[in-house]
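Residue numbers start from 1 in every chain, and the chains themselves are labelled A, B, ... in the order their sequence lines are given, proteins ahead of strands. The structure presented is a predicted model; accordingly, all values stated were derived computationally and were not measured.
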2 protein chains.
Amino acid sequence: MNSQRGGSEGVDRVLAALADPTRRQVLDLLAAEREATATTLAERLPISRQAVVKHLAILEDGGLVSSTRVRRELLYVVMPAVLNATARWMDRLAADWDRRLATIRHIVEAVERDSRP
Amino acid sequence: MNSQRGGSEGVDRVLAALADPTRRQVLDLLAAEREATATTLAERLPISRQAVVKHLAILEDGGLVSSTRVRRELLYVVMPAVLNATARWMDRLAADWDRRLATIRHIVEAVERDSRP
DNA sequence: GTTTGACGCAACCCGATGGTTGCACGTATC
DNA sequence: GATACGTGCAACCATCGGGTTGCGTCAAAC
């Protein structure tokens, strides 16, 4: 049940969530405020509340944030765990590439020989 | 030396490049073949050569692959370095979030404060 | 010299996505 | 009860992005 395939279930959503600059900005703000609602975040952002809501939904889908209902408002909090997992995924992937590149250095040779500016 | 901006130029492109599943598939294939051209990759993918070309362009823009002209064909190779850098960026970000969450557990407090009749 | 294969460019299609506005509903507040 | 605030839902718009097809071109192979 792990997930070391080339495919990418959870990673997919995390990367998709992180890909948008505005979304990273929302995350940044949320991390700074520790906890916030969509409306308070929207007040500090150049976009509408509804836009923030959508972003938060995507972020939550990726597991990057978590929401808690408090009476009539929805409080959001940042979740670092998923980020760590994704970073490790990247590390494994990079290591894999490195391994493959290491086994055949003659490509590097070719690159250096041909890609000389 | 920090970089806690919402911006994050290079990371931006890497994440954008990695966000697409097909692109990750291209990367995977490329890593497996060690080096390949757009045409050979397209042969093993369910998409057209032109589509692969576009993907490779984006990947190269993000620094994830590197191209080398060999006679009349363009050879691509995977570049692990940027992945590592991005992973480290994620780690730092996650650590930052953790720090913030750790210093204030009073989210629960806030919840209780607001939910108190 | 003609054919073959690979590249690059450009136009085009269409679905996804970021963003907006408007409104209805529930929940506090007066 | 009336009012104000916050959320949720839905329609709508514009752009972007992944993908395609077609064509011109240039290096190799015959």
Side-chain angles (χ1 to χ4, degrees), chain A residues 7-8 12-30 33 35-62 64-77 110 114-115, chain B residues 6-8 12-30 33 35-62 64-77 110-117:
Chain A
S8 41
D12 204 338
R13 291 175 175 169
V14 178
L15 290 176
L18 255 48
D20 185 68
T22 311
R23 223 129 51 207
R24 288 198 302 273
Q25 205 182 338
V26 170
L27 276 177
D28 228 36
L29 234 185
L30 186 56
E33 315 244 337
E35 103 260 20
T37 75
T39 15
T40 58
L41 286 174
E43 286 167 7
R44 316 206 165 186
L45 286 170
I47 59 179
S48 76
R49 187 198 106 233
Q50 290 300 334
V52 177
V53 170
K54 287 186 183 180
H55 284 307
L56 285 172
I58 295 177
L59 289 170
E60 187 165 27
D61 184 59
L64 288 162
V65 306
S66 170
S67 65
T68 314
R69 164 140 270 130
V70 175
R71 292 309 181 205
R72 63 167 173 175
E73 44 189 40
L74 245 196
L75 272 194
Y76 283 89
V77 159
D114 289 342
S115 74
Chain B
S8 57
D12 205 338
R13 292 175 174 169
V14 178
L15 290 176
L18 254 49
D20 184 69
T22 310
R23 223 128 53 204
R24 289 198 302 275
Q25 204 181 339
V26 170
L27 277 177
D28 228 35
L29 235 186
L30 186 56
E33 315 242 337
E35 103 261 22
T37 75
T39 13
T40 60
L41 286 174
E43 286 168 7
R44 317 206 165 186
L45 286 171
I47 59 178
S48 75
R49 187 198 106 230
Q50 290 300 334
V52 177
V53 169
K54 287 188 183 179
H55 283 308
L56 285 172
I58 295 177
L59 289 170
E60 187 165 27
D61 185 58
L64 288 161
V65 304
S66 170
S67 65
T68 312
R69 165 141 271 130
V70 173
R71 294 308 181 200
R72 61 169 174 173
E73 42 189 42
L74 246 196
L75 271 196
Y76 283 89
V77 159
V111 168
E112 292 182 341
R113 180 165 21 88
D114 285 346
S115 69
R116 189 192 320 142

Please work out if [X] contacts a base, only the sugar-phosphate, or nothing of the nucleic acid, heavy-atom cut-off 4.0 Å.
X       : answer
A:Gln50 : base
A:Ile58 : sugar-phosphate
A:Arg49 : base

Report task. Would you indicate which nucleotide in D:dT20, C:dC7, C:dT20 comes nearest to any side-chain atom of B:Thr37? Result ->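 From the listed options, C:dC7 comes nearest.
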Measure the distance from [atom1] on [X] to [atom2] on [N] and round it to the nearest whole Å.
X       : N      : atom1 : atom2 : value
B:Tyr76 : C:dC7  : OH    : P     : 9 Å
B:Asp20 : C:dG15 : CG    : P     : 17 Å
B:Arg72 : D:dT25 : CZ    : C1'   : 12 Å
A:Asp61 : C:dG18 : CG    : P     : 12 Å
B:Leu75 : C:dC7  : CG    : P     : 9 Å
A:Leu15 : D:dG17 : CG    : C1'   : 17 Å
A:Leu18 : C:dG18 : CG    : P     : 13 Å
B:Arg23 : D:dC16 : CZ    : P     : 15 Å

Given [N], is OP1 or OP2 found less than 4.0 Å from the side-chain N or O atoms of [X]?
X       : N      : value
B:Arg69 : C:dG8  : yes
A:His55 : C:dT17 : no
B:Thr22 : D:dG19 : yes
A:Ser48 : C:dG19 : no

Which heavy atom of [X] sits nearest a heavy atom of [Y], and at what distance?
X       : Y       : value
A:Gly62 : A:Val14 : O-CG2, 3.5 Å
B:Thr40 : B:Thr37 : OG1-O, 2.9 Å
A:Leu45 : A:Val52 : CD1-CG2, 4.1 Å

Report task. Kindly indicate whether the side chain of B:Lys54 and the base of D:dG17 share any N or O donor-acceptor pair separated by less than 3.5 Å? Result ->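 No, no donor-acceptor pair under 3.5 Å.
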**Report entry** Earlier contact from the 5' end, DNA chain D, for A:Thr40 and B:Arg71
**Finding:**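 On the 5' side of the pair lies A:Thr40.
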**Report entry** Backbone of A:Leu18 reached by a side-chain donor or acceptor of A:Arg23 within 3.5 Å
**Finding:**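 Side chain of A:Arg23 to backbone of A:Leu18: no pair is present.
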Report task. Examine the side chains of B:Ser67 and B:Glu60 and answer whether a donor and an acceptor come within less than 3.5 Å of each other. Result ->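 The criterion, which ignores hydrogens and geometry beyond distance, is satisfied for B:Glu60 and B:Ser67.
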